[in-house]
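The structure appears right after this line, and notes come after that.
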Amino acid sequence: MLDGRSLPALAAWYRASARDLPWRRPEFDAWGTLVSEIMLQQTQAARVAVEIDRWLERWPTPADLADAPTHEVLRQWGTLGYPRRALRLQDTARAIVERHGGEVPRDVDALLALPGIGDYTARAVAVFHFGDRHPVVDTNVRRVVARAVHGRGEAAPAAKRDLADVEALLPASPADASVVSIALMELGALVCTARAPRCDACPIADACAWRAAGYPPYEGRRAPRQAAFAGSDRQARGTVLRALRAVDVPLAEADLAPLWPDAAQLERAVASLAADGLVLREHGAVRLPD
DNA sequence: AATGCGTGGAT
DNA sequence: TATCCAAGCAT
């Protein structure tokens with residue numbers, strides 16, 4: 001159970017143990033926070049940490065990114081993964097310029113209306129930059145709450161009701177609530193990890209319902225496992241994009257053929273990349289968008 | 001609700 | 001080495 005004793009212990013642990021990550025520096029503005037949160041969607045913090053400063057030096061405001069050539073945006077995105085995020089980030093920059101005068105909005109519904117921004121990212125910006133009071137629910141928070149509050153070893157697959165579940169745990173004051181949210185995330189990342197939790201180092205072990213119950217194994221529903229990556233359409237798409245990032249001219253489709261053993265699958269990959277707007281096809285060649 | 005979407009670190 | 005998993009989102 002998380003209560004008036006364990007939450008202050010959690011906050012104290014956070015102040016003493018938090019990683020020194022770039023987006024936690026005081027000079028990070030709303031745009032820097034938003035960009036970092038997009039990069040952090042399914043990409044580990046340590047990998048984002050080495051890319052974020054260079055990105056923001058190049059495009060320090062939404063207007064700068066809005067005006068950038070998309071092929072340069074995709075090249076700068078590099079190997080962070082899920083490159084559709086880079087396209088949507090640029091779309092979001094353009095929407096911020098057009099709808100919000102170039103300033104990142106504070107309102108959660110306005111943030112949710114931006115492309116590539118969902119329940120987690122919208123509230124992360126509203127809470128961690130603007131200091132408002134909202135539940136911020138990512139995979140770490142869901143796992144910590146599943147264990148400490150509900151006594152289960154794993155979180156159930158993400159669902160809309162997670163928002164209300166976590167909101168009920170937050171202190172009344174926005175400042176206290178934001179520390180609880182960031183501390184729950186950090187605890188899940190450093191201590192209450194998915195694989196080998198370090199319960200001996202946990203600041204709320206005494207309050208943990210999973211520990212009190214003797215660490216029962218998880219019995220609930222799980223999200224379906226990802227399909228194998230080797231030989232997948234995703235790998236084929238990644239191979240094509242990697243080749244296109246490495247050159248600044250269109251590649252003839254005949255030049256792509258040696259990169260992938262299955263010609264039909266390669267064709268499928270290029271077609272789906274084109275459908276996503278990640279590549280353009282013209283005159284039997286493929287290139288990154290302008 | 002279930003899928004598809006990249007890449008690399010951790011175990 | 002193989003598998004899991006990572007500050008999710010859109011459809």
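What you see is a predicted model; the values in this text were computed from it and never measured. Here is the naming used below: chain letters follow the sequence lines, and residue numbers restart at 1 for every chain.
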Original post:
For the side chain of A:Arg245, counting heavy atoms from C-beta on, which of B:dT7, C:dG8, B:dT3 is nearest?
Top reply: B:dT7
Original post:
Does the side chain of A:Ser36 get closer than 4.0 angstrom to OP1 or OP2 of C:dA7 through an N or O atom?
Top reply: no
**OP:** Give the nucleotide from the list C:dC9, C:dA6, B:dA2 with an atom nearest to the side chain of A:Arg221.
**Re:** B:dA2
Original post:
Which whole number of Å gives the distance between the P atom of C:dT1 and that of B:dG6?
Top reply: 26 Å
Original post:
For the residue pair A:Trp77 and A:Trp55, is the inter-centroid distance of their aromatic rings smaller than 6.0 Å?
Top reply: yes
Subject >> Euclidean distance, atom CZ of residue A:Phe229 to atom P of B:dG8 [Å, nearest integer] >> reply: 9 Å
Original post:
Counting just side-chain N and O atoms, does A:Arg237 come under 4.0 Å of either OP1 or OP2 of B:dG4?
Top reply: no
Original post:
A:Leu244 CG to B:dG6 P: how many Å, rounded?
Top reply: 13 Å
**OP:** Write down the distance between CD (A:Gln235) and P (B:dG8), rounded to a whole number of angstrom.
**Re:** 11 Å
Subject >> Residues A:Glu154, A:Arg143; criterion salt bridge (charged side-chain N to carboxylate O under 4.0 Å, His left out); working and verdict >> reply: CA-CA 6 Å; A:Glu154 299 175 26; A:Arg143 184 175 56 252; over 6 Å; no
Subject >> side chain to side chain contact (heavy atoms under 4.5 Å, CB included) partner of A:Leu288, chosen from A:Leu241, A:Leu251, A:Leu280, A:Asp248 >> reply: A:Leu241
Subject >> Under-4.0 Å salt bridge between A:Arg84 and A:Asp91 >> reply: no
Subject >> Value in whole Å for how far the P atom of B:dG6 lies from CZ of A:Arg242 >> reply: 12 Å
**OP:** To the nearest Å, give me how far apart CZ (A:Arg85) and P (B:dC5) are.
**Re:** 15 Å
**OP:** Quick one: label A:Asp276 by what it contacts on the DNA or RNA (base, sugar-phosphate, nothing), any heavy atom closer than 4.0 Å.
**Re:** nothing
Original post:
Expressed as a whole number of Å, how far does the P atom of B:dC5 sit from that of C:dA7?
Top reply: 22 Å
**OP:** Establish whether the base of B:dG6 is bridged to the side chain of A:Thr43 by a donor-acceptor pair shorter than 3.5 Å.
**Re:** yes
Original post:
Any side-chain donor paired with an acceptor under 3.5 Å for A:Tyr215 and A:Arg147?
Top reply: no
Original post:
Taking the side chain as C-beta and beyond, is there a heavy-atom pair between A:Arg47 and A:Glu51 under 4.5 Å?
Top reply: no
Original post:
Between A:Arg54 and A:Glu57, is the closest basic N to carboxylate O distance under 4.0 Å?
Top reply: no
**OP:** Identify the heavy atoms of A:Ser272 and A:Arg237 that sit nearest to each other, and give their distance.
**Re:** OG-NH1, 2.9 Å
Original post:
Within a radius of less than 6.0 Å around CZ of A:Arg24, do more than 12 heavy atoms belonging to other residues, nucleotides or ligands occur?
Top reply: yes
**OP:** Determine the contact category for A:Ile38: base if any of its heavy atoms lies under 4.0 Å from a base atom, sugar-phosphate if only primed atoms, P, OP1 or OP2 are that close, otherwise nothing.
**Re:** nothing
**OP:** Report which part of the nucleic acid A:Ala194 touches: base, sugar-phosphate, or nothing (heavy-atom distance under 4.0 Å, all strands).
**Re:** sugar-phosphate
**OP:** Ignoring backbone atoms, establish whether A:Thr139 has a side-chain N or O less than 4.0 Å from OP1 or OP2 of C:dA6.
**Re:** yes
Original post:
Can you tell which of B:dA2, B:dG8, B:dC5 lies closest to the side chain of A:Gln226?
Top reply: B:dC5
Subject >> Nucleic acid contacts - residues 174-184 of chain A versus DNA chain C, non-hydrogen atoms under 4.0 Å >> reply: none
Original post:
Can you tell which of C:dA7, B:dT3, B:dT7 lies closest to the side chain of A:Thr79?
Top reply: B:dT7
**OP:** Identify which one of A:Asp67, A:Val73, A:Leu74 satisfies the side chain to side chain contact (heavy atoms under 4.5 Å, CB included) criterion when paired with A:Gln90.
**Re:** A:Val73
**OP:** Just compare B:dC5, C:dA6, B:dT7 and give me whichever is closest to any side-chain atom of A:Asp233.
**Re:** B:dC5
Subject >> Verdict with reasoning, A:Asp119 to A:Arg123, per salt bridge (charged side-chain N to carboxylate O under 4.0 Å, His left out) >> reply: CA-CA 6 Å; A:Asp119 286 325; A:Arg123 289 172 178 80; 3.2 Å; yes
**OP:** Would you please confirm or rule out a distance under 4.0 Å between OP1 or OP2 of C:dC5 and any side-chain N or O of A:Arg225?
**Re:** yes
**OP:** Find the distance A:Asp138:CG to C:dC9:C1' and express it as a whole number of Å.
**Re:** 14 Å
Original post:
5'-most contact on DNA chain B: A:Gly238 or A:Arg222, nearest heavy atom basis?
Top reply: A:Arg222
Pull out every protein N or O sitting under 3.5 Å from an N or O of nucleotides 9-11 of chain B, one pair per line with the distance.
unit_1: B:dG9; atom_1: O4'; unit_2: A:Gln44; atom_2: OE1; d: 3.0

Original post:
Checking only heavy atoms, does the side chain of A:Arg234 share a donor-acceptor pair with the base of B:dG4 at less than 3.5 Å?
Top reply: no
Subject >> 5′-ward residue of the pair A:Leu40/A:Leu114 relative to DNA chain C >> reply: A:Leu40
Subject >> Pairwise P distance for C:dC9 and B:dG9, with rounding to whole Å >> reply: 24 Å
Original post:
Starting at the 5' end of DNA chain C and moving along, which residue's nearest nucleotide shows up first, A:Arg24 or A:Pro115?
Top reply: A:Arg24
Subject >> Whole angstrom value for the distance that separates P of B:dG6 from CZ of A:Arg88 >> reply: 10 Å
